[in-house]
Colleague: 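Below: one structure in structure tokens.
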Amino acid sequence: MSTVESSPPPNFIRTIIAEDMRTNRHGGRVATRFPPEPNGYLHIGHAKSICLNFGLAAEFGGTCNFRFDDTNPSKEDIEYVESIMYDVRWLGFDWGDRLYYASDYFEQLYGYALDLIRAGKAYVCSLSAEEIRDYRGTLTQPGKDSPYRNRSVEENLDLFRRMRAGEFKDGEHVLRAKIDMASPNLNMRDPVLYRIRRVNHHRTGDRWVIYPMYDFAHGLSDAIEGITHSICTMEYEDHRPLYDWILDQLDVPCHPQQIEFARLNLSYTVMSKRRLLQLVEKGYVRGWDDPRLPTLAGMRRRGFTPEAIRRFCELIGVGKKESTVDLALLEYCVREDLNRRAPRVMAVVRPLKMVVVNYPEDQVEWLDAVNNPEDPAMGTRKVPFSRELYIEREDFMEDPPRKFFRLAPGREVRLRYAYFVRCIDVIKDERTGEVIELRCTYDPETRGGGAPDGRQVKATLHWVSAPHAVEAEVRLYDKLFLKANPADEKNGTDFKDHINPDSLQVLQSCKVEPGLAQATPGSLYQFERLGYFCVDAVDSSPGALVFNRTVTLRDTWAKIVNAGKQKE
RNA sequence: UGGGGCGUCGCCAAGCGGUAAGGCACGGGUCUUUGGAACCCGCAUUCGGAGGUUCGAAUCCUCCCGCCCCAGCCA
């Protein structure tokens with residue numbers, strides 16, 4: 001089956017670039033970049049940006065640089081740079097030899113700062129942080145000029161050099177752009193360009209005690225790298241005049257165009273680094289790779305494939321409108337991908353014993369089972385059938401409601417790839433009344449699952465032969481939050497108030513077919529009729545299998561049940 | 001009563017003056033040894049609202065309404 005890659009859907013950024021190409025605006029070049037700050041793990045929102053930047057570059061025959069925006073050593077860490085590189089590679093993108101760090105430009109950036117000072121466009125300000133805030137004014141009132149605003153170029157040069165030399169304490173001075181304290185755009189009210197911070201940087205160590213601010217470093221880094229289109233999220237739109245101002249004052253190689261798009265929000269989860277960090281640090285989840293998190297590490301562990309995530313990023317589109325994508329679309333993308341690639345297998349997650357009374361006690365038959373009906377090339381396998389089996393508890397009801405057409409007393413159903421069985425007796429625990437075993441008869445004529453007499457059954461159940469079953473732990477995941485928009489903290493609520501207490505359900509002693517004993521970490525399966533599962537890459541071992549549920553199968557029966565509950 | 005941005009179906013999203021694409025979700029059906037998959041059908045006389053321009057407006061103009069972002073020596 002050849003999947004023809006249809007041309008990507010149009011979006012405003014693609015349109016801008018296509019137009020720039022047509023008019024030869026950047027010399028017919030397209031150069032983008034993905035510039036994460038190494039202060040947290042990448043999440044699905046970053047995936048949108050990664051797909052956009054690398055995708056656009058590939059589409060227009062350009063390049064996409066991978067650059068760490070590491071200008072704030074107090075928040076950044078090597079752990080994050082490593083995870084970020086791993087995740088981008090895993091997602092399927094290759095930056096070749098174009099790996100950069102803003103910190104590699106510190107010396108050049110310092111030179112540009114000197115140029116700005118010489119041009120009379122920047123000055124060393126000795127106000128305290130609080131004073132700077134006061135002088136900035138408010139949204140509706142203009143700011144006031146700093147008393148240090150008119151220091152001479154010589155004095156500024158001297159002071160800035162001494163800032164670098166480490167002659168001052170943290171916070172004693174900053175370098176500021178000299179723009180306009182009355183600008184209606186607060187970013188233009190003499191923004192801070194450099195601050196003193198005696199913090200060890202994960203790459204430059206203690207070579208520097210002054211660090212450039214984002215606004216100063218970012219545009220210049222883009223220019224140094226010859227970026228043509230600097231794509232970022234909407235909150236930077238107000239910074240664009242500053243981005244342009246800085247590049248206009250300096251003698252730079254080129255002047256990239258900043259374009260902003262709306263960041264991704266996903267229902268029933270949180271995306272901000274601040275909130276993800278809280279969930280991780282306060283133990284609401286088990287680390288950055290917790291399968292309930294929208295981090296790429298978490299999604300990978302959960303069983304999401306890079307293909308599914310890329311497809312999702314393609315389907316959501318790119319715009320400037322604040323939006324929240326329905327979790328259902330993400331689930332659709334995983335199912336779409338896993339449906340054609342995941343081998344089918346039988347696993348009983350909540351076992352109920354079934355004894356086939358008329359089946360010979362010592363007999364075992366190895367029956368043919370199809371590995372993937374979507375892909376005959378994946379072949380078949382043998383699964384053992386015997387007198388004692390496990391079926392799913394949910395597949396039996398002593399007193400079934402209308403529309404429930406699985407097993408019930410007296411009813412006949414098909415055991416997938418095996419036989420028709422009829423329930424003739426129900427064994428219960430004398431004390432609790434709980435059903436603990438089913439007695440059935442089988443029809444030898446229906447071997448393989450077809451009835452020569454043409455009689456039909458309304459249901460096909462999955463099952464596992466009891467003596468051959470391999471035990472496993474199965475972790476069922478559900479949405480982390482009960483509220484579609486947990487980040488809405490109006491009315492004095494905290495996003496953590498909406499955590500779903502049942503987001504993780506651990507099932508022990510699940511029974512899986514024997515072939516799974518050799519399953520390797522990370523491998524993906526469809527447990528027939530239940531959903532897609534993967535072998536946990538961290539906690540699973542050959543003798544103690546652990547499976548994560550990636551996503552359930554579409555479940556129309558559950559829909560009927562829920563609809564019924566709604567009515568009550 | 002500062003500045004910037006955004007408002008097209010429940011959720012995304014095309015459209016850029018010629019008479020509302022597509023996907024998800026949802027509803028119905030066909031088929032089926034997964035209540036899966038696949039396939040078929042349905043789903044905005046209307047584009048935040050009101051005026052105006054035009055033969056013709058979601059697309060142009062005016063006013064209004066709503067939502068988001070900005071007062072870090074964070075990015």
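Note on naming: letters A, B, ... go to the chains in the order of the sequence lines (proteins, then strands), and numbering restarts at 1 for each one. Note that the structure is a prediction, hence the values are computed from the model and not measured.
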Colleague: So P241(A), base contact, sugar-phosphate only, or nothing? Heavy-atom distance under 4.0 Å.
Modeller: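 Counting heavy atoms under 4.0 Å across all strands, no contact is made by P241(A).
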Colleague: What interatomic distance, in whole Å, is found between P of G23(B) and the corresponding atom of G66(B)?
Modeller: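 After rounding to an integer number of Å, I get 36 Å for this pair.
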Colleague: Hey, is CD on E79(A) packed in by over 12 heavy atoms from elsewhere, all under 6.0 Å?
Modeller: yes
Colleague: Just compare C73(B), A71(B), G35(B) and give me whichever is closest to any side-chain atom of R529(A).
Modeller: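 Closest nucleotide to the R529(A) side chain: G35(B).
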Colleague: Please measure how far the C1' atom in C43(B) lies from the corresponding atom in G49(B), and state the result in whole Å.
Modeller: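 Result for the C1' pair: 25 Å, nearest Å.
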Colleague: Is R133(A) close enough to G72(B) that one of its side-chain N or O atoms is under 4.0 Å from OP1 or OP2 there?
Modeller: yes
Colleague: Would one find a side-chain N or O of R136(A) under 4.0 angstrom from OP1 or OP2 of C73(B)?
Modeller: yes
Colleague: Mind telling me whether F385(A) and Y442(A) have parallel, tilted or perpendicular rings, with 30° and 60° as the class edges?
Modeller: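 Y442(A) vs F385(A) ring planes: tilted.
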Colleague: Counting only side-chain heavy atoms from C-beta out, which of U34(B), C68(B), G2(B) sits nearest to K490(A)?
Modeller: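 Comparing U34(B), C68(B), G2(B) against the side chain of K490(A), the answer is C68(B).
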Colleague: Determine whether the aromatic ring centres of residues F533(A) and F527(A) are separated by less than 6.0 angstrom.
Modeller: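 Centroid distance F527(A)-F533(A): below 6.0 Å, so yes.
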Colleague: In whole angstrom, give me the gap between the P atoms of A21(B) and C47(B).
Modeller: 15 Å
Colleague: Could you work out, with ring pair (Phe, Tyr, Trp, His ring centres under 6.0 Å) as the rule, every residue matching Y243(A), not counting sequence neighbours?
Modeller: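 If we apply the ring pair (Phe, Tyr, Trp, His ring centres under 6.0 Å) test to Y243(A), skipping adjacent residues, there are no hits.
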Colleague: Does the pair R529(A)/E392(A) count as a salt bridge with the N-to-O cut at 4.0 Å?
Modeller: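 No, this pair does not count.
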Colleague: Would you please confirm or rule out a distance under 4.0 Å between OP1 or OP2 of G2(B) and any side-chain N or O of S183(A)?
Modeller: no
Colleague: Mind checking who G72(B) pairs with, Watson-Crick or G-U wobble, both distances under 3.5 Å?
Modeller: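 G72(B) is unpaired by these criteria.
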Colleague: Select one nucleotide: of G27(B), C74(B), A71(B), the one nearest the side-chain heavy atoms of R195(A).
Modeller: C74(B)
Colleague: Given that both distances must come in under 3.5 Å, which nucleotide forms a Watson-Crick or G-U wobble pair with U62(B)?
Modeller: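 WC or wobble partner is A50(B).
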Colleague: Considering every strand and a 4.0 Å limit on heavy-atom distances, what is the contact class for Q526(A): base, sugar-phosphate, or nothing?
Modeller: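 The answer is base, as Q526(A) lies within the cut-off (heavy atoms under 4.0 Å) of a base atom.
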Colleague: Among the candidates G35(B), A75(B), A25(B), find the nucleotide nearest to the side-chain atoms of Y332(A).
Modeller: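 So the side chain of Y332(A) is nearest to A25(B).
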Colleague: Can you tell me the pairing partner of U30(B) across any strand shown, Watson-Crick or G-U wobble, with both distances under 3.5 angstrom?
Modeller: A38(B)
Colleague: Check whether any side-chain N or O of R554(A) sits under 4.0 Å from OP1 or OP2 of G35(B), and answer yes or no.
Modeller: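 Indeed not, no polar side-chain atom of R554(A) lies that close.
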Colleague: Where does G72(B) land, syn or anti, given syn is within 90° of 0?
Modeller: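 Base orientation relative to the sugar is syn.
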Colleague: Does a donor on one side chain and an acceptor on the other come within less than 3.5 Å for R33(A) and H218(A)?
Modeller: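 Result is yes, a qualifying pair exists.
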Colleague: My understanding is that only one of L329(A), V334(A), D337(A) makes a side-chain contact (heavy atoms from CB on, under 4.5 Å) with F312(A); could you say which?
Modeller: L329(A)
Colleague: With a 4.0 Å limit, can you tell me whether R197(A) has a side-chain N or O closer than that to the phosphate oxygens OP1/OP2 of C74(B)?
Modeller: yes
Colleague: To the nearest 0.5 Å, how far apart are CD1 in I231(A) and CD in Q257(A)?
Modeller: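 It is 9.5 Å, given to the nearest 0.5 Å.
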Colleague: Detail all sub-3.5 Å separations between protein N/O atoms and N/O atoms belonging to nucleotides 12-14 of chain B.
Modeller:
unit_1: C12(B); atom_1: OP1; unit_2: T324(A); atom_2: N; d: 2.8
unit_1: C12(B); atom_1: OP1; unit_2: T324(A); atom_2: O; d: 3.4
unit_1: C12(B); atom_1: O5'; unit_2: T324(A); atom_2: O; d: 3.3
unit_1: C12(B); atom_1: O2'; unit_2: I316(A); atom_2: O; d: 2.7
unit_1: A13(B); atom_1: OP2; unit_2: K321(A); atom_2: NZ; d: 3.4
unit_1: A14(B); atom_1: OP1; unit_2: V318(A); atom_2: O; d: 3.4

